[in-house]
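To find a chain, count down the sequence lines: A is the first, B the second, and so on, and within it residues start at 1.
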Amino acid sequence: MAEMPDSAVSQLDAEALKARKRRNLWLGLALVGFVALVMVTTIIRLHGGIGVSERM
Amino acid sequence: MTDAIVTPQKRYATAADYVNLMKPRIMMLVVFTGFAGLVAASSMTGVVIHPAMAAIATLAVALGSGAAGAINMWYDSDIDAVMSRTSTRPIPSGAVPRDEALALGLIMSGVSVMLMWLASNWLAAGLLAFSIFYYGVIYTMWLKRATPQNIVIGGGAGAFPPVIGWAAVTGNMPLDAWILFAIIFFWTPPHFWALSLLAHKEYAKVSVPMLPVTHGAKVTRSQILVYTLVLVPVSLLPLATGLGGWIYGAAALGLGAAFLAYAIRLARSGAGDANASGTDMKLAKNTFVFSILYLFALFGAVLVEHAAGVHFPLIGT
């Protein structure tokens, strides 16, 4: 197989790096979102039982 | 798994690829029916769940559905690469590596079940976990490639959401929840077999025993009619228990009549046959599309009645 020119390799690496950064950003946001949801459910549970009430 | 795995050409994944990995169209249906179950449960029992908890429980159902979809795409990546209908999916297209899809599916499974438990109760969380297992393992890894009844039995996975929604509110699974389960259960075969009439040659290529491949198009068309004949009276059961009122009754009757009309025409057509005409194949496609509208409209009627307070049962509650 022919060797890729250096500029093509570095371009490929730049694209891979960009894709990886984008993915990491989304993963970070998802993690923050998950933590926030755990906090919300915990607060609701602590304040009002399990957040369920009977409506007579 | 087959040996003919196509090595995909590498391209970098976008957010859309990860979304597509989770089968968003199935996710929408799952979330909608789950939410309808949740709202109906609250209306029928008088039990009120905190709106934020309801939203998080619904999100958990969405994530669970996405997780199951990712696991399915991980396992089926070999046959997806061969079938033209699925060759552009994230894994066969080279965007998302297989092991990444599996990792995403497993992590999302855990997160969704945990969120469901936090937002509701162990029963809803357990049902969600079971439904993910049902779809990802029982259907995808076993039934799909083993039996022409794959869709019938495996369709149970997609029928759980309204039961999960109901359990999230009340902590139990009464008859009404299982009636909603039954509606989706008996809807799944005619829905999927209509699609398989269009794609049976693709399934034959990868040796997946869909009904048109194992028993032919004529038997499949008959079975679509049989299951639709069962589905219509099942869809009227909510009227007997008080779960469905006048609006639901009108919707169920009208939609059921239309679905039956499609099924009868399809049974009389040559859709899926080797010499099928373009008109017959279009009929199969229209039946498939209508089946999606049918379920959305039916559960939409449940939602409208119970959310808008216009639920007037024919029989007492």
Got a sec: does the [atom1] of [X] have more than 12 other heavy atoms crowding it under 6.0 Å?
{"X": "Trp178(B)", "atom1": "CH2", "answer": "yes"}
{"X": "Tyr135(B)", "atom1": "OH", "answer": "yes"}
{"X": "Arg20(A)", "atom1": "CZ", "answer": "no"}

Determine the minimum heavy-atom distance between [X] and [Y], stating which atoms define it.
{"X": "Met53(B)", "Y": "Ile44(A)", "result": "CE-CG2, 3.8 Å"}
{"X": "Ala52(B)", "Y": "Val40(A)", "result": "CB-CG1, 4.5 Å"}
{"X": "Arg45(A)", "Y": "Trp117(B)", "result": "NH2-O, 3.1 Å"}

Counting only heavy atoms closer than 4.5 Å, note whether Ala54(B) contacts chain A via side chain, backbone, both or neither. neither
With rounding to the nearest 0.5 Å, note down the distance linking NE2 in His50(B) to OG1 in Thr41(A). 11.0 Å
So, taking the atom named CD1 in Ile107(B) and the one named CG in Leu27(A), what distance separates them when rounded to the nearest 0.5 Å? 8.0 Å
So [Y] and [X], do their side chains get closer than 4.5 Å, heavy atoms only?
{"X": "Glu100(B)", "Y": "Arg23(A)", "result": "yes"}
{"X": "Leu37(A)", "Y": "Leu59(B)", "result": "yes"}
{"X": "Lys18(A)", "Y": "Tyr12(B)", "result": "no"}

